[in-house]
Amino acid sequence: MQCALDEAMDAFEEDEVPVGAVVVSNGRIIGRGHNRTRMLNDVTAHAEMQAITAAANHLGAKYLTDCTLYVTLEPCVMCAGAIAWAQVSRLVYAASDPKKGYQLIKQPLLHPKTEVVKGVMEAESAAMLKEFFERKR
């Protein structure tokens, strides 16, 4: 999760919403990303999407079975769909997103076999997000 937080800090420094993600396979990072929606003028350029694409390119495959996605904020519905389609085996996220997180939708959005772990380094992620939005006000 620390590497995902490092990615979030990169987003923070680029004046993007500070969310970072990494995909790990066999103990190695094979994909990383952070929000780039402003830089790329692309509403789909979320950290998870960047990391999933990088990992799929690394593996030369569209499925990320036996991979773990670490992300600093609960994925949105769009990203949850991508996580499901990629068949990510494990999702680990730091802070919950009560406004736009995928869990707002009562239907299961993730692949049925995806294991979910919540709250890892939650305080650090939440503090970075809070600071970012306080600076915007």
Which donor-acceptor pairs under 3.5 Å do the side chains of residues 1-10 make with protein atoms, sequence neighbours left out?
from: Gln2; atom 1: NE2; to: Asp6; atom 2: OD1; distance (Å): 3.0
from: Glu7; atom 1: OE1; to: His34; atom 2: ND1; distance (Å): 2.8
from: Glu7; atom 1: OE2; to: Arg32; atom 2: NH1; distance (Å): 3.3

Please tabulate, one pair per line, all N/O donor-acceptor pairs under 3.5 Å involving side-chain atoms of residues 122-131, not counting sequence neighbours.
from: Ser125; atom 1: OG; to: Thr72; atom 2: O; distance (Å): 2.5
from: Glu131; atom 1: OE2; to: Arg135; atom 2: NE; distance (Å): 3.4
from: Glu131; atom 1: OE2; to: Arg135; atom 2: NH2; distance (Å): 2.7

Tell me which donor-acceptor pairs under 3.5 Å the side chains of residues 48-60 have, and how far apart each pair is, sequence neighbours excluded?
from: Thr53; atom 1: OG1; to: Met49; atom 2: O; distance (Å): 2.9
from: Asn57; atom 1: ND2; to: Thr53; atom 2: O; distance (Å): 3.3

*For the student: nearest non-hydrogen atoms of Ala11 and Pro18, plus distance*: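 Answer, listing the atom of Ala11 first, then Pro18: CB-CA, 3.9 Å.
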
*For Ser96 against Pro98, the heavy-atom pair lying closest together*: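 Taking Ser96 first and Pro98 second, the nearest heavy atoms are O-CD, 3.5 Å.
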
Reported [atom1]-to-[atom2] distance for the pair [X] and [Y], which is rounded to 0.5 angstrom:
X	Y	atom1	atom2	value
Asp15	Asn35	CG	CG	12.0 Å
Thr68	Ile30	OG1	CD1	10.0 Å
Asp97	Leu104	CG	CG	7.5 Å

Below 4.5 Å, heavy atoms only, C-beta onward: do [X] and [Y] meet side chain to side chain?
X	Y	answer
Thr37	Glu16	yes
Leu69	Tyr93	no
Arg38	Glu14	no

*Under the side-chain hydrogen bond (donor to acceptor under 3.5 Å, both in side chains) rule, what pairs show up with a residue in residues 82-92, not counting sequence neighbours?*
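Sorted pair list comes back empty.
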
Under a 4.5 Å side-chain heavy-atom rule over Ile, Leu, Val, Met, Phe, Trp and Tyr, are [X] and [Y] clustered together?
X	Y	answer
Met78	Tyr102	no
Phe12	Phe133	yes
Val71	Val77	yes
Leu73	Val43	no

Please tabulate, one pair per line, all N/O donor-acceptor pairs under 3.5 Å involving side-chain atoms of residues 107-120, not counting sequence neighbours.
from: His111; atom 1: ND1; to: Lys113; atom 2: N; distance (Å): 3.1
from: Thr114; atom 1: OG1; to: Val88; atom 2: O; distance (Å): 2.7
from: Thr114; atom 1: OG1; to: His111; atom 2: O; distance (Å): 3.4
from: Lys118; atom 1: NZ; to: Gln103; atom 2: OE1; distance (Å): 3.1

*How would you list all residue pairs meeting salt bridge (charged side-chain N to carboxylate O under 4.0 Å, His left out) that involve residues 60-85, not counting sequence neighbours?*
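Passing the test, one end in residues 60-85: no pairs.
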
